[in-house]
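Reading through the structure tokens given below for one structure.
FYI, the numbering just counts along the sequence from 1.
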Amino acid sequence: MTHTENTIQTSFRTSLGDISATILGTGPIALLWHGMFVDGDSWGGTIDQLAPHRTLVVIDGPGYGDSAPLTRLSSIEECAEVGAQIIDHLAPGGSVDWVGGAWGGHVGMTLAALSPDLIRSLVAVSSPVEPIDPVFRIKLIIANQILARFGPIAHLRHVIHDAQLIPAHAKLRPMTDVIDRALTRVHRESIAKTVTSFIINRADATHRLPRIAAPTLLITGDDRGEWTPAEMRAAAAEIPDARSLVVAGARTLVAVEQPDALAEAIVTFWSELDAQ
């Protein structure tokens, strides 16, 4: 993260262990929860644009970064409980602007549906609401068994690069390093449990969309195969107050591939809400 002025490092005690957070910026609170295979550092390219508009609470999700390892299987619903616990620490009786990438977007949508008073607004980036394809699920189970036993070996890292980044970016070290650093910071068994809990076992969340009352922005990259622009727009149509945006030149890890475009979209969304 490039914004270092008045930055605070802290952690929150939750039902999934201590969750590490970096707090910086000014204004209403926004909680940023990253996607799988990366950690809070993946938001680094967006921070300078977002920090003047919100007090950013950039967390390392359970099992990643400086947060406690994940020692058992969990669920998106339990992550939503963790989100609620963090919000209670930050703003007792209040709400936050939630920004989630992939995994973090799934958590945010779940929390917004189950505890609407906690979410002032929701941005979900690259977060498909349907479970993963059954064939891909089998392949991922096999790959995850290798990950649990041997860790993020080169072949698996390259597979993850290709899933997270468009081909032109999967060869760029500044982008792949964001993934590789996150994968090598934590124990292989912790990573494997996150994959099982939050990807392999992820359930269909379509039924929750009509229950999301917060103003919502759904974003996808133009090369996100399992979350196409058409699928995203269909999901947005099920949310009472939602809009959608496609970011060009991105696959899953939009915050790393197109940080300026993503930050601009989020700031515009926040500014529209602030003007109401």
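Note: Thr194 OG1 to Asn144 CG = 7.5 Å, rounded to the nearest 0.5 Å. To the nearest 0.5 Å, atoms CD (Glu257) and CD (Gln164) are separated by 8.5 Å. Rounding to the nearest 0.5 Å gives a distance of 7.5 Å between CD of Gln9 and CG of Asp66. Atom CD of Glu81 sits about 9.0 Å away from atom OG of Ser115, to the nearest 0.5 Å. The structure places CG of Leu147 at 11.0 Å from NZ of Lys193, a figure rounded to the nearest 0.5 Å. Between the CD1 atom in Ile19 and the OH atom in Tyr64 there is a gap of 12.5 Å [rounded to 0.5 Å].
Ile199 and Ile138 fall into different hydrophobic clusters, defined by Ile, Leu, Val, Met, Phe, Trp and Tyr side-chain heavy atoms under 4.5 Å apart, directly or through other members. Note on Leu217: it does not cluster hydrophobically with Val129, by side-chain heavy-atom contacts below 4.5 Å among ILVMFWY residues. In this structure, Trp270 is not a member of the same hydrophobic cluster as Ile239, with clusters built from ILVMFWY side-chain heavy atoms closer than 4.5 Å. Under a hydrophobic-cluster definition in which Ile, Leu, Val, Met, Phe, Trp and Tyr are linked whenever side-chain heavy atoms come within less than 4.5 Å, directly or via other members, Leu114 and Leu209 are assigned to different clusters. Residues Val38 and Val107 fall within the same hydrophobic cluster, defined by Ile, Leu, Val, Met, Phe, Trp and Tyr side chains chained together at heavy-atom separations under 4.5 Å.
Looking at Glu231 and Thr228, their side chains do bring a donor and an acceptor atom within 3.5 Å of each other. Judged purely by distance below 3.5 Å, without hydrogens or angles, the side chains of His161 and Asp180 pair a donor atom with an acceptor atom.
Taking the charged nitrogens against the carboxylate oxygens, Asp241 and Arg243 do have a contact shorter than 4.0 Å, which makes a salt bridge. Taking the charged nitrogens against the carboxylate oxygens, Asp41 and Arg181 have no contact shorter than 4.0 Å, which rules out a salt bridge. The pair Asp133-Lys139 does not meet the salt-bridge criterion, since no charged nitrogen lies less than 4.0 angstrom from a carboxylate oxygen.
When each of Val123, Ile87, Leu118, Thr216 is tested with Trp98 by the rule side-chain contact (heavy atoms from CB on, under 4.5 Å), just one qualifies, namely Ile87.
Within a 6.0 Å sphere centred on NE2 of His187, heavy atoms belonging to other residues, nucleotides or ligands number more than 12. Enclosure of atom CZ in Arg13 is not indicated, since only 12 or fewer non-hydrogen atoms of other residues, nucleotides or ligands lie within 6.0 angstrom.
Counting only heavy atoms from C-beta outward, the side chains of Ile179 and Arg157 never approach each other to under 4.5 Å. In this structure, Asp223 and Pro167 have side chains that are in contact, with non-hydrogen atoms separated by less than 4.5 Å.
A distance-only check finds a donor-acceptor pair linking the side chain of Arg188 to the backbone of Ala148 [under 3.5 Å].
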Run the side-chain contact (heavy atoms from CB on, under 4.5 Å) test on Ile266 and His53 for me, step by step, so that the C-alpha distance in whole Å, both residues' side-chain angles and the decisive distance to 0.1 Å come before the verdict. CA-CA 10 Å; Ile266 295 172; His53 303 271; over 6 Å; no

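Under the 30°/60° scheme for interplanar angles, the aromatic rings of Trp103 and Phe198 are found to lie parallel.
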